[in-house]
Undergrad: 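Dropping a structure here in structure tokens format, bear with me for questions.
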Amino acid sequence: MQHVKDSKATFYTCSCFSTDNIFLEEFKLHVRFLSEHQFRSDYQAVLRNLGCSTDTEFKDILKKESYMAPEFKQMVDYCRSDEASKEGLLSLMQTEAAARVFRFPVFKKVFCDELIEEMEHFEQSRSPKGRPNTMNNYGILLNELGFDEGFIIPLREQYLQPLTSLLYHDCGGCYLDSHKAFMVKYDMHEDLDLSYHYDNAEVTLNVSLGKEFTEGNLYFGDMRQVPLSETACTEVEHKVTEGILHRGQHMHGALPISSGQRWNLIVWMRASQERNKLCPMCNKMPTLVEGEGFADGFTSDIGMSLLQNV
């Protein structure tokens with residue numbers, strides 16, 4: 001089996017957070033964000049002197065901080081503090097009965113609504129559209145809308161990797177260097193549920209954005225290496241604005257909604273340091289071909305080694 005790689009993929013080292021301290025990398029400035037009023041009062045003049053000369057540019061910075069749930073930012077701040085530990089982080093989030101599955105607020109509700117509205121506009125447009133994967137018939141690839149640079153990459157590097165480094169250090173959580181991000185839609189007249197499966201990822205974030213719907217929780221079994229006959233499944237509630245974080249190889253599915261429409265943001269996060277050794281989908285040494293963007297998350301170091309041996 002051949003697998004796609006990204007020849008330009010590089011590792012990212014993020015040291016953007018300490019307690020109550022956010023690093024704006026573009027301006028090499030550490031700031032605190034408690035409210036829009038406080039942020040403007042403390043930093044607007046400073047940022048203007050550093051080249052953030054227009055109100056639009058300032059609002060772009062402000063938006064990156066304002067759409068995150070306060071609980072999420074608190075967890076990230078903790079993870080970047082000197083006293084950070086896995087046990088301390090777990091005390092700040094909801095642990096589930098399913099092993100190593102965690103639930104916590106990610107976005108504010110107003111941002112979830114705005115993101116769905118943007119997706120609906122794109123769905124209604126005549127722009128060509130790819131579908132997220134072979135299982136979801138309705139959804140949107142976020143890189144097609146240009147969401148990687150300004151949204152998903154910062155989310156992965158600056159917000160999620162501090163958490164995954166503590167929670168999933170044994171399966172690539174410290175080295176997440178690429179991703180595939182997409183929206184999926186469940187509707188009474190379209191897809192209602194998602195069958196039992198595992199992801200092409202080391203770590204997955206699944207955020208429930210809305211709209212109005214009933215039922216449709218997730219359920220988790222065991223890791224994919226465990227036979228289904230030896231597995232008992234656990235249901236995990238999925239609330240709007242909250243994310244479910246889990247290992248990609250953890251078998252799971254989505255129960256059917258019984259009314260309404262539901263949108264989810266899915267981020268498959270990948271660590272080439274792990275997958276370069278063994279493809280997580282076929283359990284074989286990956287054979288690489290060129291790909292665009294992040295492709296399937298394999299990097300060129302192993303590709304060069306294989307080519308030299310041909």
Side-chain angles (χ1 to χ4, degrees), residues 4 6 9 60 63-64 67-69 72 105-157 159-160 176 178-195 197-213 216-218 238-246 248 252-257 259-270 281 291-297:
V4 182
D6 174 16
D60 286 343
K63 188 174 182 180
K64 288 181 181 179
Y67 62 67
M68 298 295 181
F72 184 31
V106 177
F107 302 125
K108 294 180 179 178
K109 181 62 166 60
V110 64
F111 176 76
C112 294
D113 295 340
E114 290 174 353
L115 188 55
I116 291 175
E117 183 179 4
E118 186 75 13
M119 296 303 107
E120 290 178 327
H121 289 161
F122 182 68
E123 279 276 85
Q124 295 162 9
S125 74
R126 295 182 179 179
S127 301
K129 306 170 183 69
R131 289 308 176 191
N133 52 63
T134 57
M135 298 184 70
N136 292 103
N137 296 307
Y138 301 92
I140 296 170
L141 292 164
L142 291 184
N143 67 326
E144 293 185 347
L145 280 77
F147 275 31
D148 270 352
E149 291 296 327
F151 178 28
I152 302 298
I153 290 177
L155 177 65
R156 168 170 56 81
E157 291 184 344
Y159 290 85
L160 292 171
L176 300 174
S178 70
H179 62 262
K180 179 178 180 179
F182 52 93
M183 303 282 289
V184 295
K185 182 175 66 167
Y186 300 91
D187 187 278
M188 296 305 295
H189 304 292
E190 299 173 346
D191 288 340
L192 294 177
D193 56 12
L194 187 61
S195 300
H197 67 284
Y198 58 90
D199 299 336
N200 186 0
E202 275 62 67
V203 182
T204 294
L205 176 71
N206 182 335
V207 184
S208 178
L209 301 174
K211 296 178 161 181
E212 297 293 332
F213 60 90
N217 284 336
L218 302 185
H238 208 186
K239 298 179 180 179
V240 172
T241 74
E242 292 188 345
I244 303 294
L245 193 68
H246 63 88
H252 61 285
L255 295 168
I257 60 171
S259 68
Q261 185 183 95
R262 174 175 129 184
W263 286 82
N264 287 45
L265 167 65
I266 312 294
V267 186
W268 287 351
M269 293 175 281
R270 293 153 170 173
M281 303 303 287
E292 295 182 359
F294 288 124
D296 277 334

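Quantities reported herein were computed from a predicted structural model and do not represent experimental measurements.
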Undergrad: Taking all non-hydrogen atoms of both residues into account, name the closest pair between Leu145 and Leu141 and its distance.
TA: CD1-O, 3.8 Å
Undergrad: Working to the nearest 0.5 Å, report the span between CG of Asp193 and CZ of Arg262.
TA: 10.0 Å
Undergrad: Between atom OH of Tyr186 and atom CD1 of Ile257, what is the distance when rounded to the nearest 0.5 Å?
TA: 9.5 Å
Undergrad: Which heavy atom of Asp187 sits nearest a heavy atom of His189, and at what distance?
TA: OD1-N, 2.9 Å
Undergrad: Are side-chain heavy atoms of Met183 and Leu142 found at a separation under 4.5 Å?
TA: yes
Undergrad: For a side-chain contact (heavy atoms from CB on, under 4.5 Å) with Thr204, tell me which candidate from Lys180, His246, His252 qualifies.
TA: His246
Undergrad: Side chains of Arg270 and Asp296: closer than 4.5 Å at any heavy-atom pair?
TA: yes
Undergrad: Taking the side chain as C-beta and beyond, is there a heavy-atom pair between Met135 and Leu194 under 4.5 Å?
TA: yes
Undergrad: Do you see a donor-acceptor pair shorter than 3.5 Å between the side chains of Asp148 and His179?
TA: yes
Undergrad: Counting C-beta onward and ignoring hydrogens, is there a side-chain heavy-atom pair between Leu160 and Phe72 closer than 4.5 Å?
TA: yes
Undergrad: Closest approach of Pro132 and Val184, non-hydrogen atoms and distance?
TA: CG-CG1, 4.3 Å
Undergrad: After noting the C-alpha distance and the side-chain angles of Lys185 and Trp263, does the key distance pass the side chain to side chain contact (heavy atoms under 4.5 Å, CB included) rule?
TA: CA-CA 5 Å; Lys185 182 175 66 167; Trp263 286 82; 3.3 Å; yes
Undergrad: Can you tell if the side chain of Tyr67 reaches within under 4.5 Å of the side chain of Lys108, non-hydrogen atoms only?
TA: no
Undergrad: Can you tell me how far the CD1 atom of Ile266 sits from the CG atom of Asn206, to the nearest 0.5 Å?
TA: 3.0 Å
Undergrad: Please find the pair of heavy atoms, one from Glu149 and one from Pro154, that lie closest to each other, and give the distance.
TA: O-CD, 3.2 Å
Undergrad: For Leu155 and Ile153, run side chain to side chain contact (heavy atoms under 4.5 Å, CB included): C-alpha distance rounded to whole Å, both residues' side-chain angles, the deciding distance at 0.1 Å, then the answer.
TA: CA-CA 5 Å; Leu155 177 65; Ile153 290 177; over 6 Å; no
Undergrad: Which atom pairs, one a donor and one an acceptor, fall under 3.5 Å between side chains of residues 115-123 and the rest of the protein, sequence neighbours left out?
TA:
| from | atom 1 | to | atom 2 | distance (Å) |
| --- | --- | --- | --- | --- |
| Glu120 | OE2 | Lys211 | NZ | 2.7 |
| Glu123 | OE1 | Arg131 | NH1 | 3.3 |

Undergrad: Could you pull out the closest heavy-atom pair between Leu245 and Met269, with the gap in Å?
TA: CD1-CE, 4.1 Å
Undergrad: Atom CG of Asp199 and atom CG of Leu205: how far apart are they, to the nearest 0.5 Å?
TA: 11.0 Å
Undergrad: I need the Thr241 OG1 to Leu209 CG distance, nearest 0.5 Å.
TA: 9.0 Å
Undergrad: Is the side chain of Asn133 donor-acceptor paired with the backbone N or O of Asn136 at a distance under 3.5 Å, no angle test?
TA: yes
Undergrad: Assess the residue pair Phe182 and Trp268 against the criterion (ring-ring contact (aromatic ring centres under 6.0 Å, His included)); give the C-alpha distance rounded to whole Å, side-chain angles, the decisive distance to 0.1 Å, and a yes or no.
TA: CA-CA 9 Å; Phe182 52 93; Trp268 287 351; 5.1 Å; yes
Undergrad: Identify, with sequence neighbours excluded, every residue that meets side-chain contact (heavy atoms from CB on, under 4.5 Å) alongside Val240.
TA: Lys109, Ser208, Phe213
Undergrad: First locate atom CG of Asn200, then atom CE of Met281, and finally report the distance between them rounded to the nearest 0.5 Å.
TA: 4.5 Å
Undergrad: Under the ring-ring contact (aromatic ring centres under 6.0 Å, His included) criterion, do Phe111 and Phe151 qualify, and how do the steps go?
TA: CA-CA 12 Å; Phe111 176 76; Phe151 178 28; 5.7 Å; yes
Undergrad: With the side chain counted from C-beta on, respond yes when Met188 and Gln261 share a heavy-atom pair under 4.5 Å apart, and no when they do not.
TA: no
Undergrad: Quick one: closest heavy-atom pair of Ala69 and Pro105, and the distance?
TA: CB-CB, 3.7 Å
Undergrad: Between Phe294 and Arg156, is there a cation-pi geometry (under 6.0 Å to ring centre, at most 45° from the normal)?
TA: yes
Undergrad: Taking the basic N atoms (NZ, or NE/NH1/NH2) and the acidic carboxylate oxygens, is any pair closer than 4.0 Å for Glu144 and Lys129?
TA: no
Undergrad: How would you list, by chain and number, every residue that makes a side-chain hydrogen bond (donor to acceptor under 3.5 Å, both in side chains) with Asn143, sequence neighbours excluded?
TA: none
